[in-house]
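Worksheet for the structure shown next.
Given the structure is predicted, the values throughout are model-derived calculations rather than measurements.
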Amino acid sequence: MEKKNVREVAVAWKEDKKHYVKRSTFASYALILENHIFPKLGDICDLSEKTVQEFVLYELGRGLSNKTVKDTLIVLRMVMKFGVKNEWMNYYDWEIKYPSHEKKKELEVLSIAHHRKIMDYIKKNFTFRNLGVYVSLCAGLRIGEICALKWSDIDIDRGTISVSRTIERIYIMEDGRKYTEVIINTPKTQNSYREIPIVKDLSNILKPLKRVVNDDYYVLTNDVKPTEPRTYRNYYGRLMDKLGIPRLKYHGLRHSFATRCIESNCDYKTVSVLLGHANITTTLNLYVHPNMEQKKRCIDKMFKALGK
């Protein structure tokens, strides 16, 4: 068996992989290889459990999250399997351990008062860019999805918003060059293709606009050219500052939409479908965290059932 090191196998794997994945996915793989795998493991030929475990602890020691390191290992495992398939590497079955002390991050969610404040402000101060924030709060769209939303995606008669594309800026590494590029892409996963009902308040805003806008134009710009997420994120940040609302990431609007749905006792499966999650487990892990009052009600119900 002619052995190759991780870098050599990964280069061949990338060449093979680019025919089967989206450009954004390919760019993400390339970034992980360049920034994480090659510097520490590029010259190694054997990816034993001991080697990979040491790599994991090294990456965590640099301040990376468990999720980031796990994403890196997904790529590393694919590279190893490709190497094994081509008889360039030995196969190893890893059982990697992660320190259990990592503190779970609090989900960024607007308070109900701030949620209302933003919506009330936008109703009184309409701009197309403000409308995007309103839609995100009413429908839970990701920032790339709202930037890619066209007027043709809004069907007033059926009362739905169709999500079928996203805009993202990706990092390209090819021929020794590194640069970024904005691309219009298919949604994150197959489940991200979805139809979301338009609530009455939003319909009242959209209905008169739909009579006069060009269906081929993007909603945020009302123009043939879209705005990119980075630009829109900056605008959103300035809007929050103007309203005196503590800054939370744009994705916090999506979290706020989902949280309000859960607080309103919507069933979890429906919330999962509205968000375009790949499975209901993602929704449950993110949003279903009963507070003390809910826990108390649950136990009271249980005792009542016992006749106590």
Side-chain angles (χ1 to χ4, degrees), residues 56 60 63-71 73-74 95-121 133-143 145 159-161 163 187-202 236 240 243-308:
V56 165
L60 292 171
L64 301 179
S65 67
N66 281 7
K67 183 189 181 306
T68 300
V69 176
K70 284 175 182 177
D71 288 345
L73 288 201
I74 288 170
E95 285 187 27
I96 302 303
K97 298 178 179 68
Y98 294 85
S100 57
H101 59 260
E102 186 182 55
K103 190 179 177 184
K104 191 168 183 179
K105 287 182 182 176
E106 282 288 314
L107 209 60
E108 290 192 325
V109 175
L110 290 166
S111 67
I112 291 174
H114 285 156
H115 200 134
R116 285 183 181 141
K117 184 176 183 179
I118 296 168
M119 295 178 84
D120 288 343
Y121 174 84
V133 173
Y134 201 96
V135 171
S136 292
L137 283 171
C138 292
L141 270 63
R142 300 176 177 94
I143 191 165
E145 294 170 343
T160 59
I161 293 171
V163 179
K188 189 177 178 183
T189 66
Q190 196 58 40
N191 294 77
S192 295
Y193 287 93
R194 61 199 190 279
E195 282 193 332
I196 304 166
I198 301 172
V199 296
K200 188 178 177 183
D201 274 9
L202 181 57
Y236 158 76
M240 293 302 100
L243 292 174
I245 293 174
R247 278 205 186 191
L248 76 164
K249 292 175 184 172
Y250 193 91
H251 207 70
L253 303 183
R254 177 173 161 84
H255 290 326
S256 301
F257 165 79
T259 301
R260 300 290 100 86
C261 287
I262 297 293
E263 288 170 351
S264 305
N265 295 320
C266 298
D267 72 274
Y268 304 145
K269 178 61 180 174
T270 301
V271 177
S272 181
V273 171
L274 286 171
L275 293 169
H277 282 160
N279 56 65
I280 194 171
T281 306
T282 305
T283 313
L284 293 171
N285 288 341
L286 274 173
Y287 303 111
V288 184
H289 304 291
N291 58 31
M292 188 53 70
E293 186 58 36
Q294 288 169 308
K295 292 174 188 174
K296 185 175 181 300
R297 280 202 304 269
C298 177
I299 292 174
D300 287 345
K301 274 185 186 177
M302 181 268 288
F303 265 76
K304 192 176 281 186
L306 287 171
K308 298 289 182 183

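- Of all non-hydrogen atoms in P187 and Y193, the two that sit nearest each other are CD-CZ, 3.3 Å.
- Remark: R260 engages H115, E263 in a side-chain hydrogen bond (donor to acceptor under 3.5 Å, both in side chains) (not counting sequence neighbours).
- Partners of D300 under the side-chain contact (heavy atoms from CB on, under 4.5 Å) rule, at least two apart in sequence or in another chain, are K296.
- Of the inter-residue distances, the one linking L286 atom CG with S272 atom OG reads 10.0 Å to the nearest 0.5 angstrom.
- Expressed to the nearest 0.5 Å, how far CE of M240 lies from NZ of K117 amounts to 9.5 Å.
- Y250 and S136 make their closest contact through OH-OG, 2.7 Å (heavy atoms, listed as atom of the first residue, atom of the second, distance).
- Between L274 and P197, the closest side-chain pair of non-hydrogen atoms falls below 4.5 Å.
- Counting only heavy atoms from C-beta outward, the side chains of I196 and L141 approach each other to under 4.5 Å.
- Residues meeting the ring-ring contact (aromatic ring centres under 6.0 Å, His included) test with H255, sequence neighbours left out: H251, Y287.
- The only member of L284, T283, T189, V271 that meets side chain to side chain contact (heavy atoms under 4.5 Å, CB included) when paired with H277 is T283.
- Y236 has its side chain within reach of L248: a pair of non-hydrogen atoms, C-beta onward, lies under 4.5 Å apart.
- Proximity of a side-chain donor or acceptor of E108 to a complementary backbone N or O of K249 within less than 3.5 Å is detected.
- In this structure, V69 and N66 have side chains that are not in contact, with every pair of non-hydrogen atoms separated by 4.5 Å or more.
- Using a 4.5 Å heavy-atom threshold, the side chains of Y134 and I118 count as separate.
- A heavy-atom distance below 4.5 Å is not found between the side chains of C138 and D201.
- A258 and L275 get closest at one heavy-atom pair: CB-CD1, 3.7 Å.
- Between S192 and E145, the shortest heavy-atom contact is CB-OE2, 4.2 Å.
- L137 places a side-chain heavy atom less than 4.5 Å from the side chain of L110.
- When all heavy atoms are compared, the tightest approach of P246 to H114 is CD-CE1, 3.6 Å.
- Summarising the geometry of G140 relative to R194, their closest heavy-atom pair is O-NH2, 3.9 Å, with the distance given to 0.1 Å.
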